[in-house]
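Numbered from 1 within each chain, the chains take letters A, B, ... in sequence-line order.
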There are 2 protein chains.
Amino acid sequence: MELDARKIIILKTIIKNYLETGEPVGSRTISKYSELNLSSATIRNEMSDLEEMGYIIQPHTSAGRIPSDKGYRFYVDSIMKESDDRVNEVTELMVKKVDKLEMLLKNLVKHLALDTNYAALISAPALSENKIKYVQLSQPGEKKLLLILVLEGNIIKNEILTIDEDLDMETVLNLTIVINNHFSGLSLNDITGTVVKEAVNQAGRHRQTVETVIDAMIDMMAAGEETRDIYTSGATNILKYPELTDTKKAAALISAFEEKDALKKLVSEVTSDEAADGGHNNLQVYIGGEGPIQNMKDCSLVTANYELGDGLRGVIGVIGPKRMDYEKVLGTMKNLMEQLDKTFGKDSDNKEGKG
Amino acid sequence: MELDARKIIILKTIIKNYLETGEPVGSRTISKYSELNLSSATIRNEMSDLEEMGYIIQPHTSAGRIPSDKGYRFYVDSIMKESDDRVNEVTELMVKKVDKLEMLLKNLVKHLALDTNYAALISAPALSENKIKYVQLSQPGEKKLLLILVLEGNIIKNEILTIDEDLDMETVLNLTIVINNHFSGLSLNDITGTVVKEAVNQAGRHRQTVETVIDAMIDMMAAGEETRDIYTSGATNILKYPELTDTKKAAALISAFEEKDALKKLVSEVTSDEAADGGHNNLQVYIGGEGPIQNMKDCSLVTANYELGDGLRGVIGVIGPKRMDYEKVLGTMKNLMEQLDKTFGKDSDNKEGKG
DNA sequence: GTTAGCAGTCCTATGATTAGAGTGCTAACA
DNA sequence: TGTTAGCACTCTAATCATAGGACTGCTAAC
């Protein structure tokens, strides 16, 4: 059997209708709803075919049809193909005014959740490709060293290290200079064993301390995949959709958003899928048990890889019921990505706004 | 009518039973459950009295009784009076090993939620009483200044400021020295107009910049009541209790935990109640619509004021259904406070662990 | 003061019934 | 051959009535 034009129209109408109402849709509805001007009987025949082909499902004998995962997939793919560039309501992101990366991310994810009415998440960018601007050391107490790492894009990281010796101010200054000499301008990937060795050697009898510092620096930058911060918003939107309101399922989902561990795993899986399906603005849709959301069978996930210039790359995503408004979500995400590109694109010098 | 010994036993038995089951409890249950060896008829008479006195309520004619807010209050007060010092299972807090304040707080609140099976929150300590150890300035870019504030207790704060001039390295160093000279050792309350003026004057033609820096410092430390970070855990535990599972209520509550704004307000109200009810280890119980939780009529809130030495004071709390296991929660909280005291008490030198 | 017993109340669970929505099939039609 | 009308059938969800159970309150007896 073939999926001819008429079947496609009917299929899409069924799905659209189901997305809106959440109720199984029957033949009579389609007959009235679509511009096909066919009787419900004809529609019934077609629907029977569509069911046989696996695009729609009948929850029980006397109910209408609902889309299967295959049906959703077809629908989503066809949306993605329409290169419909109509500009969505411009999300008035005050991205330029935000002065902390954390704040920017929190704002972004909040907006996304508000706009879509689903749960949204964003992963803090990986720092491993980011270059070190400079490093500062100081002594906040006995046998303590405060390490401050300033990365390209004005990302600041700090940590208090415990060391084995007490240093005088001059030594601290000297060590700071040594480290800056060796590491300024390097990204994580540039930090080879040789570089480390050279720096350590130059530290003379403070080699132990310098080693500690370097280890800490590497840790801070490597804080990639697994330890990366994740910000979320709108987890409780999940409770708005009856099919997810079942207490157990809802609790599990919302917990996942609270605990973040599951989300981290999810993000790392999505990251590795990156560009698997090239083009499409890097947008990905996972339906039902597809890919990284196998344990969220009743949900769909829409993700995109964002970039804030300076090589700050991360993942942003929306999780909602399978019958989410894909069109809107995809539009919103696309829009958001474009805004970010415009604001943080390589040639823009609006690189303030991050610290 | 008087609340005699027998009535008290019956009242407590009713409440205990209701806390366990969540179902209204009838006279026959009490008759069998308590060691009073009275017939259900007698209990019925007493219950009738208790109802008249306002301690218990009958949801409908042919149902058992449930505690009223007044009943809960009586019960909680009587628990608080029992100075029962039995040691709870020692929460194996790895407080000593934690090396970031943020991590410590997150661990604490997570433990609390896991132990109690309710939702828990903790507010980051106020910094206004905390003294400045030292300040560091550096230039991460054009017209940018990175301000790093190191407070007693090794709390680190950083922010990138935009300034109107470009400084050379020497000037930055000089300004750093000026600021440290004037502000090292001061807490927020010590920073008077005079101090600021002196520092600004000494900055010569860079007064504008120094003003910006000082303003930022004050903001960072003042980030008290309203802007203070709040960490939460176990929000979804709320879904475990049928009386809160009503989708709307649950969504509102969980949202509150997600958004944090409401919680901030709550914390600041609790803080102002502080020591209102002296003794009792600073533990407070708010039942139903009492005090700061007027919009959470079906919940109770247990709070305590914690201190991590160094004047780092904040609020920790548990929110659950009105029929929460007060005894356990109070015990757990008490325990926790004692552990914190032991670990961070004034005389302890385990003051590492925070940064 | 305590208790047994009984009538009365109200909730809840259960089952039966019904209305409605929707299908599949057949037969007629263009 | 594709489309449609119509009918029998199925299954769900809502409604209703009924019965059972859990209590209470009251009265009368101990």
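Ring geometry for A/Tyr18 versus A/Tyr72: interplanar angle of 30 to 60°, hence tilted.
Between the side chains of A/Ser34 and A/Thr13, no donor-acceptor pair is found at a separation under 3.5 Å.
For A/Asn17 and C/dG22, the CG to C1' distance is 14 Å, given to the nearest whole Å.
Applying the 4.0 Å criterion to OP1 and OP2 of C/dC10, one finds that B/Thr61 has a side-chain N or O inside that range.
Within a 6.0 Å radius of NZ in A/Lys70, more than 12 heavy atoms belonging to other residues, nucleotides or ligands are found. Remark: B/Arg28 CZ is loosely packed, at most 12 non-hydrogen atoms of other residues, nucleotides or ligands lying under 6.0 Å away.
With a cut-off of 3.5 Å on both pairing distances, the Watson-Crick or G-U wobble partner of C/dT3 is D/dA28.
A donor N or O paired with an acceptor N or O is found under 3.5 Å between the base of D/dC11 and the side-chain atoms of A/Ser62. B/Arg44 contributes a side-chain N or O that forms a donor-acceptor pair with the base of C/dG5 under 3.5 Å.
The stretch residues 21-29 of chain B touches DNA chain D through B/Gly26, B/Ser27, each having a heavy atom under 4.0 angstrom from the strand.
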Hey, what are the protein-to-nucleotides 27-30 of chain D N/O distances that come in under 3.5 Å?
none

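Residue contacts for B/Ala41: at a heavy-atom cut-off of 4.0 Å it reaches a base atom on one of the strands shown.
Distance from the side chain of A/Gln58 is smallest to C/dG24 among C/dG24, C/dT3, D/dG25.
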